[in-house]
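Here is the structure we will look at, set down as structure tokens.
Below, read A as the first sequence line, B as the second, and so on, with proteins coming before strands; counting in each chain starts at 1. Note: hydrogens, waters and symmetry copies are ignored here, and every other heavy atom, side chains too, is used.
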Amino acid sequence: MYSICPRGMVHQSRRGVVSMADKEWTGMTDSDGPQGVPAADIRSQRLEKREQLRQAGQCPYGFRVDGLLSTARAREMCAAEAAADSAAPQARVAGRIMAKRDMGKSLFLDLRDAEGRLQLYVQRQAVGDEDFARLKTFDIGDILTAAGTMFVTRTGEISLRVAEFRLLSKSLRPLPEKWHGLTDVEQRYRQRYLDLLCNEDAGRVFRRRIAIIRALRQYLDERGFLEVETPMMQPLAGGAAARPFKTYYHALGCPMYLRIAPELYLKRLLVGGMEKVYEINRNFRNEGLSRRHNPEFTMLELYQAYSDCRGMMSLVEDMIAAVARDVLGATAVRVGDREIDLAPPWRRVHYADLVRETMGADWYDLAPEVQRLRACEKDLGVDAGWTPEAVTHEIYEKIIEPTLIQPTFVTRLPAWLVPLARRCDDDPSVVDVYELEINGQEISPGYSELNDPVEQRSRFGEQLAAAGNDDVAVDRIDEDFLTAMEYGMPPAGGLGLGIDRLVMILTGAESIRDVILFPQMRPAT
RNA sequence: GCCUCCGUAGCUCAGUUGGCAGAGCAACUGACUCUUAAUCAGUGGGUCGUAGGUUCAAGUCCUACCGGGGGUACCA
């Protein structure tokens, strides 16, 4: 809102004219008094305090602090020393003032750092009249360092009796209210730093996200997987059916795409002899926003030579359970009012069996008109133009999928749904893949990868023809990838795992925006 | 994109059938040397998202737009 506008300041000093930009910069308004010191504007008051500190020879923006203890460590020390009944320990801490309680000749401050809070107790006689008066002008939100002696107050709170302090950063804007915090979701997403400052839950969620990703890496590293990085800017956006973001590379004079999947590069690495590879990184898809979709999202993609779809199921099942045990210490999680148990083994069920379970054992023997009628009875808007496959899949997506709360591997999907996957040897109408559903959401797909370059080429061709002229991912065939395939790719299992959605499940978050630090928002006006 | 709900002080929220825009916290002035949502006395702070319209009169009713939540569509 207040753009840093040094040019505006220059204008002010050079011409003595206060332009619109100058007013924004200084926080002045038209109702300001003749000295340009508005009585009401908090930001202007604080700019004035900042100036007064400077004029008193006090730098309102300090620098490096040595010998710091975290507030948590300072507390521990105090508790330990109290138990040992020895001399009171000395400590230096630094952090942000979150609350201020002025008692006249003494003052309590709540100081917050990365690991917690600590109460500071400052007495006028201990720091001297001048410093004490200056401390009284400090605001909630200011960052300072303080040193002194740890002690326990009469009401039992571990505190620091301050002997000396120094301002490290003067805050110019008031923090959200101490009791309710920041609840406006829009502001929590746009100004995440305020959310992290005011809402402890936000910090917990993101710390857990970090722990989950660390645990995934550790699990895979221990099993001999190599973590690699493949291009995020690609001349062709392949590996998935999604609309890409398009950009332009000036040096090469050609269009580039943000990747929609790392798949085709990871498979090149299989050709190159890396037998177990994975990548955890962002994919970008030019799609709408929703509670479950962010246009850039984090994905684990993994390939293992000489494995297959079943190998991938065992791997992902064991991996997610291990991560849950590591991060939560349990395999049971709560999402909303639902209890989800991630302890293996997970249910494995054929797509067609799920459909028969819901629609009757004779579903696939019914005439198309009867199927459409049954679908309409379930309040699905299908009309005569729909193929039987499409009707069946609509039932799967709208009726069956939302009921798959406990972890479920859905296998043997119709081949038309997953055109690039390897077909099952005993039935070419279905493919050898799984889709893992948890809490009614697709969390992870897994495949027996196609490694026949001739078959792959013809599938790409079909996909291209089906895509038509839409600005979809595939506008030409990735010849370089097919060349790699023609050198020979080992048979392999592959899987993708949506990290954001996994984090949602393991933190109980209802919206993907609550597990992404800076979710995509429309630019504010 | 479509449907629907929401937008009032820095933050959290009231605001009646259309009739002078409010409270708590934060801020400012003062009191108080163990408080912790400190307390007590006083003070200031508003383009009611934006722009139109109806009306003697609009935070309130109508229209459009901007931003957000939820749903839906696109979506291996």
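Of the C1' atoms belonging to B:A38 and B:A31, the separation is 14 Å, rounded to the nearest Å. Taking the C1' atom of each, B:U8 and B:A76 are spaced 47 Å apart, rounded to whole Å. Only the C1' atoms considered, B:U39 is 9 Å distant from B:C32, to the nearest whole Å. Comparing the P positions of B:A58 and B:C48 gives an interatomic distance of 12 Å, to the nearest angstrom. Going from the P atom of B:C25 to that of B:G71 covers 37 Å, rounded to whole Å. Spacing of P atoms, B:A9 relative to B:G22, comes out at 14 Å, to the nearest Å. B:U55 and B:G19 have their C1' atoms separated by 12 Å, with the value rounded to a whole Å. Comparing B:C3 with B:A64, their P atoms are spaced 10 Å from each other, to the whole Å.
Regarding contacts with the backbone of B:C28, a side-chain N or O of A:Lys49 is found under 4.0 angstrom from either OP1 or OP2. Taking side-chain N and O atoms only, A:Gln187 has a distance below 4.0 Å to OP1 or OP2 of B:C11. Residue A:Arg101 places no side-chain N or O under 4.0 Å from the OP1 or OP2 atom of B:U35. Residue A:Lys178 has no polar side-chain atom (N or O) positioned under 4.0 Å from OP1 or OP2 of B:C11. Residue A:Lys136 places no side-chain N or O under 4.0 Å from the OP1 or OP2 atom of B:C28. A:Arg188 has no side-chain polar atom (N or O) that falls below the 4.0 Å cut-off from OP1 or OP2 of B:G68. One finds a side-chain N or O of A:Thr183 lying less than 4.0 angstrom from the OP1 or OP2 phosphate oxygen of B:U12.
Remark: the A:Thr153 side chain and the B:U35 base include a donor-acceptor N/O pair separated by less than 3.5 Å. Between the side chain of A:His180 and the base of B:C11 there is no donor-acceptor pair of N/O atoms closer than 3.5 Å. One can find a donor-acceptor pair under 3.5 Å joining the base of B:U33 and the side-chain atoms of A:Gln125.
For the pair A:Phe284 and A:Ile260, the tightest heavy-atom approach, listed with the atom from each and the gap, is O-CG2, 3.3 Å. Closest approach of A:Pro262 to A:Glu279, counting heavy atoms only: CB-OE1, 3.6 Å.
For A:Glu177, the listed nucleotide lying nearest its side chain is B:U12; candidates were B:G68, B:A76, B:U12. Comparing B:U12, B:G70, B:C28 by their nearest atom to the side chain of A:Arg291 picks out B:G70.
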Take A:Tyr121 and A:Thr153 through the side-chain contact (heavy atoms from CB on, under 4.5 Å) test and state the conclusion after the steps.
CA-CA 9 Å; A:Tyr121 179 52; A:Thr153 65; 5.9 Å; no

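Under the 6.0 Å distance and 45° angle rule, A:Arg268 counts as a cation-pi partner of A:Tyr265. Judged by a 6.0 Å distance limit and a 45° cone about the ring axis, A:Arg161 is positioned over the six-membered ring of A:Phe151.
Projected onto RNA chain B by closest heavy-atom contact, A:Leu289 and A:Arg513 fall at different nucleotides, the more 5' of which corresponds to A:Arg513. Toward the 5' end of RNA chain B, the nearer of the two residues A:Asp184 and A:Arg285, judged by each one's closest nucleotide, is A:Asp184.
Partner assigned to B:C25 is B:G10, using Watson-Crick or G-U wobble distances below 3.5 angstrom. Remark: B:A51 base-pairs with B:U63. Criterion, Watson-Crick or G-U wobble with two distances under 3.5 Å. B:G70 is paired with B:C3 under the criterion used here, namely a Watson-Crick or G-U wobble arrangement in which both key atom distances are under 3.5 Å.
Contacts between residues 441-451 of chain A and RNA chain B, counted as heavy-atom distances below 4.0 Å, involve A:Glu442, A:Tyr447.
Among the atoms of the strands shown, base atoms are found under 4.0 Å from some heavy atom of A:Arg161.
Here A:Tyr396 and A:Tyr351 bring their ring centres to under 6.0 angstrom of each other.
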